[in-house]
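Okay, structure first, notes after.
Only a predicted model underlies this, so the values are computations on that prediction, with no experimental measurement involved.
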Amino acid sequence: MSCNNEQLKFSVFIINQISQAIKKPTAVVYKFLSESGILDDYIISCYDSLHTLGREYLIEDITEMLNDRGVTI
């Protein structure tokens, strides 16, 4: 999926924040999000709504989605 500059910046922000929260390298977090479909199907496609939410909520929401999809973090 292609994204614009703002969506790209937001995606990088989310990846970095989750990386810090779960204490895993950003490359690992990117792989989790990409392979689970969350990056394209949620973070990028729902950017308009998501970028208005708080950091803590986003981290909790996305890590919960990873767990729901069977990704062990």
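The salt bridge (charged side-chain N to carboxylate O under 4.0 Å, His left out) pairs that include a residue from residues 13-35 number zero, where partners must be two or more places apart or lie in different chains. Listed by first and then second residue, the salt bridge (charged side-chain N to carboxylate O under 4.0 Å, His left out) pairs involving residues 42-54 amount to none (not counting sequence neighbours). Legend: ring-ring contact (aromatic ring centres under 6.0 Å, His included) pairs involving residues 14-34, not counting sequence neighbours: none detected.
With sequence neighbours left out, the side-chain hydrogen bond (donor to acceptor under 3.5 Å, both in side chains) criterion links Gln17 to Arg55. Shown here are the ring pair (Phe, Tyr, Trp, His ring centres under 6.0 Å) partners of Tyr47, two or more places apart in sequence or in another chain: Phe10, His51.
Residues Ser19 and Pro25 approach most closely at OG-C, 3.7 Å, considering heavy atoms.
The structure places CG of Asp40 at 5.0 Å from CD1 of Ile44, a figure rounded to the nearest 0.5 Å. The CG atom of Asp41 sits 11.5 Å away from atom CG of Leu33, with the distance rounded to the nearest 0.5 Å. Rounded to the nearest 0.5 angstrom, Leu39 CG and Ser34 OG are separated by 6.0 Å.
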Less than 3.5 Å apart, which donor and acceptor atoms pair up between the side chains of residues 56-73 and the rest of the protein, not counting sequence neighbours?
unit_1, atom_1, unit_2, atom_2, d
Asp61, OD2, Tyr42, OH, 2.4
Thr63, OG1, Ile59, O, 2.8
Thr63, OG1, Glu60, O, 3.1
Asn67, ND2, Thr63, O, 3.3
Arg69, NH1, Ser36, O, 2.6

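A continuous path of ILVMFWY side-chain contacts below 4.5 Å connects Ile43 to Val28, so both sit in one hydrophobic cluster. Ile22 and Phe13 fall within the same hydrophobic cluster, where Ile, Leu, Val, Met, Phe, Trp and Tyr residues are linked whenever their side-chain heavy atoms come under 4.5 Å apart, directly or through other members.
Distance alone, capped at 3.5 Å, is enough to place a donor-acceptor pair between the Ser11 side chain and the Gln7 backbone.
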